[in-house]
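One structure below.
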Amino acid sequence: MNVRMSRSPDEVEAMQRPDWRWQMSNRITSLERLQEFLPGFTPTAEQIAVSKRYPFAVTPYYASLIERADVSDPIYQMAVPQAAEGIDAPELIRDPLGEHQHSPVPGLLHRYPDRAVLLLNGLCPVYCRHCTRKRFVGIEKGAASDEKITLWADYLRKHPEIKDVILSGGDPLTMSNRRLERVLEAVRSVESVEIIRIGTRIPVLMPMRITPELCELLDRYAPVWVVTHFNHPREVTPLAAEACERLVRAGVPVNNQSVLLRGVNDHPDIMESLCRSLMRNRIRPYYLHQSDIIQGIEHLRTRTSRGVEIMEALRGRLGGLAIPLYVLDLPEGGGKVPILPQYIVSQSPHKTVLRNFEGRLVSYPEPAQLDSPLDTLQRVQRGGIADQLSGVRPKALIPQGYKKPHERGEDD
Ligand code: SF4
């Protein structure tokens, strides 16, 4: 079936009403009701069953972007439950990033030394079918309480190494300005915090929420960065572009992280067009995420080899500023690892041979002096392989419990 949506301009205008409170209170929360907004859409029994297992909601605005009520439409794929979502592939889990293991106080994640994530709520304008936090979005909805905000500020004060605080959820911008300000105020009261980031899909799902008052509020707590989540060029509508423009004009830099999704954006042409649209609107393509191993998204997962293929193609077509970093967030809370095509073909102490995007092999002469004089001045342990390279750490890191072959017993 490939039925193109036929909506009159008046119907589209009504669905795109520029009032975020109206959009929130008129969210479509059942597939039966969605039929009124998507001509030609008839949900199957399996789709209805899935929508009861994983919450479903879509703003009239985002529903208005669906052009065809079938899986050939990327917006439909991201917003409307599919029968395949109910199939549990064995290697997929509820909390793929092991977030609960890195939560010293409720709602605060401390995974990297200098960063903390605050989970402000579980409410979103749309429940994206590929969401990493499917385990609680739409289920736990309450906004951050005063008790939690105090707990978080206390934790940040006791950990001055945290310089960067990321407000996440759910979607923090579904909260009222007053509640959001309460959080911003508490975080800014901690002197060691340098920057605040807000992870939000609001510019994509409900751009009318980016009001002048909100922009003014964010500017008061500067530096505040917005990290948003466009996945497809069709999401970069004039309304979404204007919302980002308002943020940028208020001094709030906007970065974008996309998720690589099968049948939605896993093609070099689509990714190129998305990056170009973002750059035209002063939104920096920041990350392209390999999808996490979350239950319910097997049908949307791509292979990492496909991601590498796309990155290879982008390198030749776009300037460096427009190319996101392709990353895989390791299961079990292992953190993000960049995945790149291989550009170094060979290396000796004197020459490094590299290939460019056209396949040309070019050698680069290495300098005679190898060590940096700064290494002897700044031998500070920072963690990771870099410490091994600089000699701060031992040459070999041995896994816990490792025994040499002659030390192993029969049970090893
Ligand atoms: S807006 Fe973000 S947190 Fe909310 S459902 Fe979509 S991806 Fe998940």
Side-chain angles (χ1 to χ4, degrees), residues 20 23-24 27-29 34 50-51 53-63 65-66 74-82 85 92-97 99-100 107 109 117-144 166-175 180 183 197-210 225-232 234-236 240 243-244 254-262 264-265 274 283 286-297 299-301 327 329:
W20 75 274
Q23 291 283 340
M24 276 308 278
R27 287 186 313 156
I28 306 152
T29 54
L34 184 64
V50 164
S51 71
R53 177 171 173 192
Y54 298 113
F56 164 73
V58 63
T59 50
Y61 164 79
Y62 198 64
L65 306 188
I66 300 177
I75 313 287
Y76 176 89
Q77 282 256 47
M78 287 186 275
V80 181
Q82 302 305 314
E85 218 175 304
L92 303 188
I93 50 181
R94 287 186 77 234
D95 179 11
L97 306 183
E99 289 188 330
H100 68 282
L109 310 177
V117 177
L118 306 182
L119 300 176
L120 302 194
N121 60 1
L123 181 68
C124 301
V126 174
Y127 293 119
C128 312
R129 307 327 297 172
H130 57 276
C131 179
T132 285
R133 300 207 176 109
K134 260 175 130 94
R135 68 184 187 282
F136 76 83
V137 292
I139 299 163
E140 295 168 27
K141 293 182 195 151
I166 299 141
L167 311 185
S168 185
D171 200 311
L173 298 188
T174 52
M175 291 171 25
L180 186 64
V183 178
R197 284 191 266 171
I198 301 183
T200 175
R201 216 174 173 225
I202 286 281
V204 185
L205 308 174
M206 194 171 64
M208 46 294 286
R209 169 66 179 107
I210 310 293
W225 294 59
V226 158
V227 182
T228 190
H229 177 170
F230 288 92
N231 283 331
H232 193 277
R234 269 194 21 220
E235 294 177 324
V236 192
C244 293
V254 183
N255 282 251
N256 185 67
Q257 42 188 5
S258 305
V259 183
L260 192 60
L261 298 170
R262 184 169 161 269
V264 172
N265 59 10
L274 173 64
I283 307 163
Y286 169 41
Y287 278 141
L288 172 62
H289 285 270
Q290 174 65 18
S291 56
D292 298 325
I293 50 169
I294 322 139
Q295 256 176 16
I297 63 137
H299 60 300
L300 291 171
R301 288 211 302 148
V327 289
D329 222 332

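Numbering starts at 1 and runs along the sequence shown. When reading the values below, keep in mind they use all heavy atoms of this one structure, side chains included, and skip hydrogens, waters and symmetry mates. Keep in mind the model is a prediction, meaning the values are calculated, not measured. Just so you know, ligand 1 is whichever comes first in the structure, and atom 1 is the first atom listed for that ligand.
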Exercise for review: Mind checking side chain to side chain contact (heavy atoms under 4.5 Å, CB included) for P81 and listing every partner two or more places apart, or none if nothing turns up?
Suggested key: L31, V50, S51, F56, E85, R129
Point to revise | For Q295, all residues meeting side chain to side chain contact (heavy atoms under 4.5 Å, CB included), sequence neighbours excluded | key: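 With neighbours one apart ignored, the set is R53, Y54, D88, L92, R94.
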Revision key, fill the gap. Which of L274, N256, V204 passes side chain to side chain contact (heavy atoms under 4.5 Å, CB included) with V236? It is L274
Check your understanding: Ring centroid separation for H130 and H289, is it under 6.0 angstrom?
Key ->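 Ring-ring flag for H130/H289: false, centres at least 6.0 Å apart.
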Point to revise | Distance filter under 2.8 Å, centred on atom 8 (Fe) of ligand 1 - protein N, O or S atoms that pass it | key: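 C131 SG, with waters left out.
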Review point. Heavy atoms, side chains only, cut-off 4.5 Å: are I210 and L173 in contact?
Key: yes
Study note, to complete from the structure: D329 meets the side chain to side chain donor-acceptor pair (under 3.5 Å) criterion, sequence neighbours left out, with none
**Study point:** For V126, the ligand 1 atoms whose distance to one of its heavy atoms is below 4.0 Å
**Key:** 5 (S), 6 (Fe)
